[in-house]
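The next block holds one structure in the form of structure tokens; read it before the comments.
Keep in mind the model is a prediction, meaning the values are calculated, not measured. Heads up: numbering here begins at 1 and tracks the sequence.
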Amino acid sequence: MSDLSRRHFLAGSAAAALSGHLANSAFAAMGPADKFDLVIKGGDVLDPSQSLRGKRDIGIRWGVIEAVEAEIPAARASKTIDASGKLVTPGLVDLHCHVYPYGSAIGIPADELVQFQGTTTVVSAGDAGVNNLAALRRYIVAQSRARIYAFVHIANNGLSAFPVAELYNIDNAQVEACAMALAENPDFLIGVKVRMSENVIFKHGLEPLKRGIKACEMCGWPAKMMVHIGGVETKELMSEILDLLRPGDVLTHSYSGFLNNAGLATNIVQDGRLLPAALAAKQRGVLFDVGHGGGSFDFTVAEVAIPGGCTPDTISSDIHVFSGNSPGIPYLPNVMSKFMTLGFSLEQVVSMATAAPARIINRAPKIGTLQVGAPADVAIMDVVEGPVTFVDTRNNKRDGKVLLKPVQTVVNGVPFGRPYQAPFSVR
């Protein structure tokens with residue numbers, strides 16, 4: 001390279017570096033004449049991550065929340081969403097759903113759920129095992145506007161064979177391969193999923209769970225277990241499962257009333273009483289997740305377990321192609337509404353579907369929040385007051401007074417899809 005061309009090259013590089021520095025500075029500072037790309041005006045903002053409740057305007061620029069103020073002048077907004085009379089929360093975070101279409105037998109595209117759930121971040125609960133995890137990441141996650149994280153299934157094939165049980169053959173649970181997948185994907189994976197129902201694991205007892213825990217411990221970072229219950233083989237096995245769970249592990253379908261193959265109730269409430277092992281697990285830091293789904297939420301179980309000390313840490317949908325068409329309507333805002341019927345406040349159910357799951361997936365404080373500097377993920381909902389009847393997955397009904405209904409969702413600063421029309425109504 002000649003001296004002249006070298007000087008031109010170095011000068012160009014310096015100019016490019018300076019330009020990049022100035023661009024970053026411009027991104028960080030908003031001048032008084034600059035406009036927000038989008039302003040959500042006049043909503044009742046509820047952000048449990050900041051203990052914030054009140055009428056606020058939210059200013060968004062370049063996909064980031066730039067301002068949360070009592071009022072932002074209309075002249076400063078390039079586009080506006082009128083949220084007057086609406087509830088405005090962080091984009092909802094669904095800790096347990098199934099969003100692996102084509103690779104899992106029950107998956108729904110995450111982006112198709114946004115307008116029905118207000119979910120801007122979702123967690124695939126064991127759709128993929130080691131053998132099809134790369135395809136989930138490359139072809140589904142990379143092409144979705146909604147954020148997707150995942151628990152990898154301890155079974156190599158994940159849920160691809162559903163409804164055929166993935167763990168009747170225990171050889172499908174390969175510890176070293178699962179640990180390798182965790183080690184290679186710490187930015188994407190949360191931990192390991194295992195389904196411990198008798199109709200999934202046959203007579204293998206604690207072995208699938210033990211293998212999942214071992215994979216978590218081998219991977220080199222603090223991976224969590226997500227443990228599905230419902231129809232556990234024996235009453236004793238349920239207590240043994242609970243005793244194995246570590247602080248930070250997630251018990252999902254916590255309030256399941258699903259019966260085992262012999263028709264017995266073998267979950268955390270047995271013979272009308274909460275298992276001591278369940279309360280002990282809760283007290284040492286095991287996290288209780290709802291995971292409603294099409295067969296995994298029973299009002300009568302929740303009504304014993306919750307007053308007994310096993311309150312939910314997170315509310316999740318377990319939404320998939322079958323549960324989405326079930327009578328319990330397990331879309332996340334509807335499940336949140338059911339827990340208001342059980343006595344939880346609006347602030348509590350929003351926290352259990354935003355800030356709490358964001359912490360569990362190690363994405364707080366940037367996800368599940370409306371704080372300045374966070375990605376501009378926002379859910380706008382109607383809080384419909386009036387008589388409404390909810391049904392669980394065992395046809396138990398409870399009457400409530402409030403229904404959360406998604407209206408509009410903003411993902412990374414961009415309004416997503418059309419306003420939502422609910423498939424259920426207040427009578």
Worksheet item: Strictly under 6.0 Å, is that where the ring centroids of F299 and F297 end up?
Response: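 Ring centres of F297 and F299 closer than 6.0 Å.
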Worksheet item: So, for H253 and H96, is the gap between ring centers shorter than 6.0 Å?
Response: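 When the ring centroids of H253 and H96 are compared, they turn out to be within the sub-6.0 Å range.
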What I want to find out is whether [X] reaches [Y] closely enough, with some N-O distance under 4.0 Å, to be called a salt bridge.
X    : Y    : answer
D57  : K41  : yes
R195 : E166 : yes
K86  : D44  : no
K338 : D392 : no
K55  : E71  : no

Discussion item. With a 6.0 Å cut-off (strictly less than), is the heavy-atom count around CE of M218, excluding the residue itself, greater than 12?
Written reply: yes
Item to complete: Could you list the residues that satisfy salt bridge (Lys or Arg N to Asp or Glu O under 4.0 Å) with E347, not counting sequence neighbours?
Response: R53
Worksheet item: What residues, two or more places apart in sequence or in another chain, satisfy salt bridge (Lys or Arg N to Asp or Glu O under 4.0 Å) together with R211?
Response: E207
Item to complete: Mind checking side-chain hydrogen bond (donor to acceptor under 3.5 Å, both in side chains) for K282 and listing every partner two or more places apart, or none if nothing turns up?
Response: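 Applying side-chain hydrogen bond (donor to acceptor under 3.5 Å, both in side chains) to K282 gives D313.
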Worksheet item: Nearest 0.5 Å, what's the CD-OG1 distance between Q117 and T409?
Response: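 Answer rounded to 0.5 Å: 9.5 Å.
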Item to complete: Check S197, S296, S256 against H228 for a side chain to side chain donor-acceptor pair (under 3.5 Å) and give me the one that passes.
Response: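 Single pass found, and it is S197.
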Worksheet item: Minimum heavy-atom separation for S323 to G293, with atom names?
Response: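 What the structure gives for the nearest pair is CB-C, 3.6 Å.
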